[in-house]
Every structure is written in structure tokens, then in C-alpha cells.
Amino acid sequence: MLIQELTRQAGLDLLARTRFGRLACAQGTQPYVVPFYFVYDNDCLYSFSTVGRKIEWMRANPLVCVEADEVVSPEQWTSVIVFGRYEELLDTPEYRDVRAFAHTLLKRHAVWWEPAYAKTILPGTQRSLVPVVYRIHGLQITGHRAIPDQPVRLATTDSGENGWLQSFLRHVRGKRKQSRAPRQTSRTLGAPRASGIIA
């Protein structure tokens with residue numbers, strides 16, 4: 001398997017293709033990660049939720065992180081990490097146009113309001129269904145892509161791509177030989193025993 005770093009554009013392309021990711025926020029030193037659906041447009045991620053822990057925490061600390069990925073197999077995948085800032089699109093005249101734009105983006109997908117607006121029963125109470133539309137902007141993106149590689153062939157010298165592996169294996173084998181060698185004791189360190197051979 002080979003792992004390559006993604007360009008920013010390749011990371012943005014992945015965000016444009018996918019709708020599902022994981023959103024991380026933090027309160028003090030405690031991180032919190034939840035799955036969420038989003039839509040990417042023009043360096044922003046748009047999403048919809050109801051008031052709960054993640055919204056309360058993002059209101060208090062707007063710095064967030066998002067992970068999104070596409071996995072074909074353990075040796076073929078793409079993963080993107082996004083660092084950004086939470087911005088709540090309030091139901092006020094100031095945000096009217098951007099809220100309408102976010103709604104247009106979100107409703108392109110069937111049942112776009114789920115699971116955010118699904119009825120949730122918390123211990124003893126039903127969660128409040130106050131709608132919250134928000135976006136994450138100021139995106140800084142890093143990402144990696146894994147692709148299958150040819151089976152590893154060990155080099156015969158210390159030069160070349162796999163030379164470090166040959167050197168490492170020789171080192172490990174040498175350690176094994178040393179650990180198997182008989183220890184010399186005071187009995188074996190003295191003069192040689194008579195062998196019955198006359199000089």
C-alpha cells in the first residue's frame with residue numbers, strides 16, 4: 001500500500017462528492033465527536049441540526065474539525081480532515097439570504113432533515129426540536145489517499161527503496177543469533193582440556 005498526500009483541490013473534490021462525515025468540537029479539554037450530514041459549497045460546509053450538546057459546545061467554542069472519507073478496501077481509501085469555524089445562521093434578517101441558500105443546497109438530498117430532526121427520546125424526556133442551520137467556514141484541509149502497491153520485494157543491498165528493510169532484517173537476525181549463542185563461563189574461559197592428542 002502507498003499513502004499519498006492530497007492536494008487541497010482533491011480534498012475539496014471529496015467534500016463535494018460525499019455527504020457524510022464526523023464532526024468534532026470541544027469544551028475545555030474534552031473533545032466530542034458525532035456523525036453528521038453536510039453539503040459542501042464554495043469553501044463552506046452547510047448542515048442542519050437541533051439544539052443539543054454539539055450545538056451548545058460549538059456556540060461556546062466555534063473551532064471545529066471534520067473528518068470525511070471514502071473507503072474501498074483497507075488498502076484503498078481517501079480521508080480528509082477539515083479545520084474550520086462554526087457559524088450559526090440565525091433566523092434573522094441579516095442571515096435571511098444565506099439561510100435560504102443553505103436550505104436550497106440541503107434539500108437537494110432526500111430526507112435532508114434526518115437524523116437531525118428525528119424524534120429522539122433522551123432518558124425520561126424528548127429532545128427539543130428547535131432547528132439550527134449552520135455552516136463551517138475558513139476551511140484548512142489536509143488529506144491522504146491510500147492505493148494498493150506491488151508486493152514488497154526485498155533489495156539485495158542497502159541502496160534503493162527497500163534497502164532500509166534489508167538492513168533492519170539483518171539487524172534483527174543478528175540479535176537472534178547473539179541470543180542463541182552459548183554463554184562463556186569461567187569453566188570454558190580457562191586453559192583447554194587435554195584432548196588425548198600428544199604434540
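Hydrogens, waters and symmetry mates play no part in the numbers below; they use all other heavy atoms, side chains included.
Taking all atoms of both residues into account, the shortest heavy-atom contact from Cys44 to Leu139 is N-CD1, 4.1 Å. Residue Phe48 comes nearest to Pro131 through the heavy atom pair CE1-CB, 3.7 Å, listed as atom of the first residue, atom of the second, then distance. In this structure, Val33 and Ala24 approach most closely via the heavy-atom pair CG2-CB, 3.8 Å. The shortest non-hydrogen separation linking Trp77 to His144 is CZ3-O, 3.7 Å. Here the closest non-hydrogen pair linking Met1 and Pro74 is SD-O, 3.6 Å. Closest heavy-atom contact between Ala68 and Leu15: CB-CD2, 4.1 Å.
Under the salt bridge (Lys or Arg N to Asp or Glu O under 4.0 Å) rule, Glu87 has a single partner from Arg99, Arg135, Arg59, which is Arg135.
Partners of Tyr32 according to the ring pair (Phe, Tyr, Trp, His ring centres under 6.0 Å) rule, which considers only residues two or more places apart in sequence or in another chain, are Trp57. With sequence neighbours left out, the ring pair (Phe, Tyr, Trp, His ring centres under 6.0 Å) criterion links Phe101 to Tyr46.
We find the CG-CG distance between Asn42 and Leu105 to be 10.0 Å, quoted to the nearest 0.5 Å. The CG atom of Leu2 sits 12.0 Å away from the CD atom of Gln76 when rounded to the nearest 0.5 Å. In this structure, the separation between SG on Cys25 and NZ on Lys54 is 8.5 Å, given to the nearest 0.5 Å. Here the CG-CD distance, from Asp43 to Gln140, works out to 11.5 Å after rounding to the nearest 0.5 Å. Summarising the geometry, atom CZ belonging to Phe20 is positioned 8.5 Å from atom CG belonging to Asp69; distances are rounded to the nearest 0.5 Å. Taking CG from Leu23 and CG from Leu45, the interatomic distance works out to 9.0 Å, rounded to the nearest 0.5 Å.
Residues Leu89 and Leu63 are members of separate hydrophobic clusters, defined by side-chain heavy-atom contacts under 4.5 angstrom among Ile, Leu, Val, Met, Phe, Trp and Tyr. At a threshold of 4.5 Å between side-chain heavy atoms, the hydrophobic network of Ile, Leu, Val, Met, Phe, Trp and Tyr places Phe38 and Val34 in one connected group. No chain of hydrophobic side-chain contacts below 4.5 Å, direct or via other Ile, Leu, Val, Met, Phe, Trp or Tyr residues, connects Ile81 to Val71. One hydrophobic cluster, built from ILVMFWY side chains closer than 4.5 Å, holds both Ile55 and Val64. Note: the hydrophobic cluster containing Phe83 does not contain Ile141 (ILVMFWY, side chain heavy atoms under 4.5 Å, direct or indirect links).
Within the 3.5 Å criterion, the main-chain N or O of Tyr37 finds a donor-acceptor partner in the side chain of Ser47.
With contacts defined as side-chain heavy-atom distances shorter than 4.5 Å, the pair Ile147/Gln4 qualifies.
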